[in-house]
Amino acid sequence: MTIRVLLADDQALLRGTFRLLIDAQPDMDVVAEASNGREAAQLARSERADVVVMDIRMPEVNGIEATRLIAQDEDLAGVKVLVLTTFEEDDLVIEALRAGASGFLGKGVEPAQLLEAVRLVAAGEALLSPAATKGLISRVLAQPSPGDLADATRLAALTPREREVLTLVGSGLANDEIAERLFVTPVTVKTHANRAMAKLGARDRAQLVVIAYETGLVRAGERQGL
């Protein structure tokens with residue numbers, strides 16, 4: 001299946017570079033380009049994009065608000081957002097994740113890393129694995145903004161095993177690592193994670209990480225069971 005990609009960035013040269021790279025892949029196709037967040041949200045719907053590669057700093061409507069518009073639109077439930085930014089913008093990155101982004105990359109990323117990121121995000125995975133990223137998430141999400149703290153009672157809907165898997169996902173462990181720790185198969189872990197997503201209204205694995213921190217299930221610096 002071909003991954004339909006929407007590029008959202010106010011720099012035409014950068015969009016053109018990404019288009020050349022992505023269109024050269026047999027499993028990807030750039031279906032549209034947007035120069036601001038408003039266009040990105042509109043084109044995500046009209047072009048039925050699978051993945052939006054989204055810059056944060058754009059005119060009119062920024063990438064965070066555009067991500068929120070996409071995430072809140074039920075008709076765009078299958079659209080994933082991959083944010084491109086610089087790691088110096090910590091607070092903005094976390095805002096983007098809270099808004100519904102599936103992950104983020106720095107603009108200096110290698111071409112192969114960008115392509116792999118698009119594939120991972122399209123498959124519903126969270127691009128949150130690098131150690132620096134996990135440190136960023138734990139540090140900032142551990143101090144949520146007033147009024148943003150998720151109600152921990154939401155977790156009551158989870159079974160004990162789903163809650164355990166959520167905790168490990170929030171700690172940054174991959175399915176294989178969780179499976180080894182719980183003495184189950186990776187497929188079983190994925191099933192529990194998917195059920196937790198459905199019960200908590202999470203779009204993908206990235207949102208599970210956000211919920212794990214915002215409900216206090218995981219706290220900064222914790223690595224469960226280590």
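Start at 1 with the first residue, then count along the sequence.
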In sequence, state the C-alpha distance, the side-chain angles, and the governing distance for Val81 and Ser102, and then conclude on side-chain contact (heavy atoms from CB on, under 4.5 Å). CA-CA 6 Å; Val81 176; Ser102 295; 5.7 Å; no

Between Glu39 (side chain) and Ser35 (backbone), is there a donor-acceptor pair under 3.5 Å? yes

The reported gap from CG in Leu168 to CG in Leu173 (rounded to nearest 0.5 angstrom) is 5.5 Å

Does a donor on one side chain and an acceptor on the other come within less than 3.5 Å for Ser46 and Gln42? no

Looking at Asp50 and Lys80, is any side-chain nitrogen of the basic one under 4.0 Å from a carboxylate oxygen of the acidic one? no

Under a single-linkage definition using a 4.5 Å side-chain heavy-atom cutoff for Ile, Leu, Val, Met, Phe, Trp and Tyr, are Leu82 and Val109 assigned to the same hydrophobic cluster? yes

Heavy-atom side-chain proximity of Leu7 to Ile22 below 4.5 angstrom: yes

Any donor-acceptor pair under 3.5 Å linking the side chain of Arg4 with the backbone of Glu47? yes

Under a 4.5 Å cut-off applied to non-hydrogen side-chain atoms, are Ile3 and Val51 in contact? yes

Regarding Thr191 and Thr188, is there a side-chain donor-to-acceptor distance under 3.5 Å anywhere? no

Minimum heavy-atom separation for Ala49 and Val79, please, with both atom names. O-CG2, 3.3 Å

Backbone N or O of Leu200 within a donor-acceptor pair of the Arg154 side chain at under 3.5 Å? yes

Would you call Arg68 and Glu65 a salt bridge, taking side-chain N to carboxylate O under 4.0 Å as the test? yes

Between Ala99 and Ile64, what is the shortest heavy-atom contact and its length? CB-O, 3.8 Å

Check: Thr215 and Leu166 side chains under 4.5 Å, non-hydrogen atoms: no

Nearest heavy-atom approach of Pro59 to Asp10 is CD-CB, 3.6 Å

Validation row: Val5, Phe18 side chains within 4.5 angstrom (heavy atoms): no

Is Asp55 close to Leu14 at the side-chain level, that is, under 4.5 Å between some pair of heavy atoms? no

For a quick check under 3.5 Å, do Asn194 and Arg205 share a side-chain donor-acceptor pair by atom type? no

Would you compute the distance between atom CD of Glu33 and atom CG of Leu43 and round it to the nearest 0.5 angstrom? 10.0 Å

Do the side chains of Leu84 and Phe104 get nearer than 4.5 Å, heavy atoms only? no

Would Arg98 and Glu95 count as a salt bridge (charged side-chain N to carboxylate O under 4.0 Å, His left out) if you check the C-alpha gap in whole Å, the side-chain angles of each, and the deciding distance to 0.1 Å? CA-CA 5 Å; Arg98 284 188 170 129; Glu95 281 188 59; over 6 Å; no

Between CD on residue Glu162 and OG1 on residue Thr167, distance to nearest 0.5 Å: 11.5 Å

Path from Leu69 to Val210 over hydrophobic side-chain contacts below 4.5 Å: no

Taking the basic N atoms (NZ, or NE/NH1/NH2) and the acidic carboxylate oxygens, is any pair closer than 4.0 Å for Lys107 and Asp9? yes

Derivation of the side-chain contact (heavy atoms from CB on, under 4.5 Å) call for Met197 and Gln207: CA-CA 8 Å; Met197 280 191 278; Gln207 296 306 295; over 6 Å; no

Is there a continuous path of hydrophobic side-chain contacts, each under 4.5 Å between heavy atoms, that joins Leu114 to Val31? no

Report yes if the side chains of Val184 and Ile178 come closer than 4.5 Å at any heavy-atom pair, otherwise no. no

side-chain contact (heavy atoms from CB on, under 4.5 Å) between Asn62 and Asn36: does it pass, once the steps are laid out? CA-CA 7 Å; Asn62 64 34; Asn36 61 65; over 6 Å; no

Look up atom CZ in Arg181 and atom CD in Glu177, then write down how far apart they are to the nearest 0.5 Å. 7.0 Å

How close do Val61 and Ala66 get, heavy atom to heavy atom, and via which atoms? CG1-N, 3.9 Å

To check you understand the geometry: which heavy-atom pair defines the closest contact between Ile211 and Ala202, and what is its length? CD1-CB, 4.1 Å

Heavy-atom nearest pair, Ala44 first then Ile70, reads CB-CD1, 4.1 Å

If you count heavy atoms of other groups shown closer than 6.0 angstrom to NZ of Lys190, is the number above 12? no

As a test of understanding, state which of Gln25, Gln113, Met28 forms a side-chain contact (heavy atoms from CB on, under 4.5 Å) with Val118. Met28

Test Val53 against Leu6 for side-chain contact (heavy atoms from CB on, under 4.5 Å), laying out the working first. CA-CA 6 Å; Val53 178; Leu6 167 62; over 6 Å; no

